[in-house]
> 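Got a structure for you, written out below as structure tokens; questions coming shortly.
Quick note: numbers below take in every heavy atom, side chains included, and nothing from hydrogens, waters or symmetry partners.
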Amino acid sequence: MEERLLKAQQALAKHGIKTRIVSTAEEAKQIILEEVQPGQKVGIGGSRTIESLGVVPELEAKGCPVYWHWRGQTPDEVMALRRGQLTSDVFLASSNAVTEDGRLVNIDGIGNRVAAMVFGPPKVILVCGQNKVVSDLESALDRVHNVAAPQNARRLNTGTPCGVTGHCNDCHSPGRMCSVTTIIERCPHKTELEVILVREDLGY
């Protein structure tokens, strides 16, 4: 696993994406707290990884408004928080998969998370556990469809077949989570993109 992490780090760096490897989720959290300045607007994409860091209270203690749609109480409030993420100063999320050759692969149902990764917030920090690092694009897409999406479907009770079967059925369900696929191959021109790879399993 260490070799895989090092390969991914080196490839991402070649692609203009600042990447560092840390041993624990706590180290990743401290990096975020160091890089987010007091008062900056922080957006958070749907991410069990970021949720597990427990970083939000400390960001708010620094006077940072946090736009995290998982906190929304009504559909209108949730959508407003999603839109707020697109204009945040710093956007925090994870990636569904990271390849050894330096590609970040993500699939969304709505698209707010992947949109904020590539344009809008001037700084994006992605925290990715070692479980998300795979060999190549084919493995990344397989991981997204047959590991990440089914687990998220169960968590959100979407009613999609993958939540029952545990693998992709290429469904046409109203709650389908795999509507938008993005592959970041190089750092987007107007975005400072940073990846923190963690030597722990985090998220889906």
> Does Glu35 come within less than 4.0 Å of Lys123, counting only side-chain N to carboxylate O?
yes

> Quick one: are Asp101 and Lys7 in side-chain contact, heavy atoms under 4.5 Å?
no

> Can Ile50 be reached from Val90 by stepping across I, L, V, M, F, W or Y side chains whose heavy atoms are under 4.5 Å apart?
yes

> Measure the spacing between CD of Gln9 and CZ of Arg4 and express it to the nearest 0.5 Å.
15.5 Å

> Can you confirm whether Ile184 sits close enough to Leu193 that some side-chain heavy atom of one is under 4.5 Å from a side-chain heavy atom of the other?
yes

> Please tabulate, for the side chains in residues 72-83, all donor-acceptor contacts under 3.5 angstrom to protein atoms that are two or more places apart in sequence or on a different chain.
| residue | atom | partner | partner atom | Å |
| --- | --- | --- | --- | --- |
| Gln73 | NE2 | Arg71 | O | 3.0 |
| Thr74 | OG1 | Glu77 | N | 3.1 |
| Glu77 | OE1 | Gln73 | N | 3.2 |

> Indicate, with yes or no, if Ile125 and Leu197 share a hydrophobic cluster defined by side-chain heavy-atom contacts under 4.5 Å among Ile, Leu, Val, Met, Phe, Trp and Tyr.
no

> Of all the heavy-atom pairs spanning Thr99 and Ala8, show the shortest one and how long it is.
O-CB, 3.8 Å

> Please lay out, stage by stage, how Asp89 and Val36 fare under the test side-chain contact (heavy atoms from CB on, under 4.5 Å).
CA-CA 9 Å; Asp89 298 304; Val36 176; over 6 Å; no

> Quick one, Leu92 and Val124 - any side-chain contact, counting heavy atoms below 4.5 Å?
no

> How long is the straight-line distance from OH of Tyr204 back to CZ of Arg143, given to the nearest 0.5 Å?
11.5 Å

> Check Cys187 against Gly16 and note the closest heavy-atom contact, atom names and distance.
CB-O, 3.3 Å

> Which distance, rounded to the nearest 0.5 Å, do you find between the CG of Leu126 and the CD of Glu194?
9.0 Å

> If you look at every heavy atom in Gln85 and Ala116, which pair is closest and at what distance?
O-CB, 4.4 Å

> Look at the side-chain heavy atoms of Ile, Leu, Val, Met, Phe, Trp and Tyr, link any pair under 4.5 Å apart, and say whether Leu86 and Met117 land in one connected group.
no

> Can you tell me how far CG of Leu137 sits from CD of Glu100, rounded to the nearest 0.5 angstrom?
13.0 Å

> Please report the closest heavy-atom contact between Ala11 and Gly102, naming both atoms and the distance.
CB-N, 3.4 Å

> Determine whether Glu51 and Trp70 satisfy the following criterion, side-chain contact (heavy atoms from CB on, under 4.5 Å), listing intermediate values before the conclusion.
CA-CA 10 Å; Glu51 180 186 44; Trp70 283 4; 3.7 Å; yes

> Please report the closest heavy-atom contact between Leu12 and Arg103, naming both atoms and the distance.
CD2-N, 4.4 Å

> Does any part of the side chain of Thr191, heavy atoms only, come nearer than 4.5 Å to the side chain of Val118, both counted from C-beta?
no

> Is there a side-chain contact (heavy atoms from CB on, under 4.5 Å) between Arg113 and Asn106 once you walk through the steps?
CA-CA 9 Å; Arg113 180 177 65 104; Asn106 291 281; 2.9 Å; yes

> Side-chain contact, heavy-atom cut-off 4.5 Å: Leu104 with Glu185?
no

> With a 3.5 Å cut-off and no angle check, do the side chains of Gln30 and Glu34 form a donor-acceptor pair?
no

> Can you measure from CD1 (Ile21) to SG (Cys128) and round to the nearest 0.5 angstrom?
12.0 Å

> Spell out, yes or no, whether Tyr67 and Val56 are grouped together once hydrophobic residues are joined by side-chain heavy atoms under 4.5 Å, including indirect joins.
no

> Listing request: all salt bridge (Lys or Arg N to Asp or Glu O under 4.0 Å) pairs with a residue in residues 161-177, at least two apart in sequence or in separate chains.
Asp170-Arg176

> Same cluster or not: are Leu6 and Val22 linked, directly or through other Ile, Leu, Val, Met, Phe, Trp or Tyr residues, by side-chain heavy atoms under 4.5 angstrom apart?
no

> For a quick check under 3.5 Å, do Ser139 and Asp142 share a side-chain donor-acceptor pair by atom type?
no

> Counting only heavy atoms not in Lys62 (residues, nucleotides, ligands), do more than 12 fall under 6.0 Å from its NZ?
yes

> Kindly indicate whether the side chain of Met1, heavy atoms from C-beta on, has any atom under 4.5 Å from the side chain of Arg199.
no

> Verify the neighbour count for atom CD of Glu2: are there more than 12 heavy atoms of other residues, nucleotides or ligands below 6.0 Å?
yes

> Does the Thr49 side chain pair with the main chain of Ser47, one donor and one acceptor, at a distance under 3.5 Å?
no

> Would you say the side chain of Ile107 lies within less than 4.5 Å of the side chain of Val180, judging by non-hydrogen atoms?
no

> Do Ser94 and Lys132 have side chains that get closer than 4.5 Å, going by heavy atoms?
yes

> Of all the heavy-atom pairs spanning Val42 and Cys64, show the shortest one and how long it is.
CG2-CB, 4.1 Å

> Evaluate side-chain contact (heavy atoms from CB on, under 4.5 Å) for Glu27 paired with Ile196, printing each intermediate quantity in order.
CA-CA 10 Å; Glu27 289 177 76; Ile196 303 172; over 6 Å; no

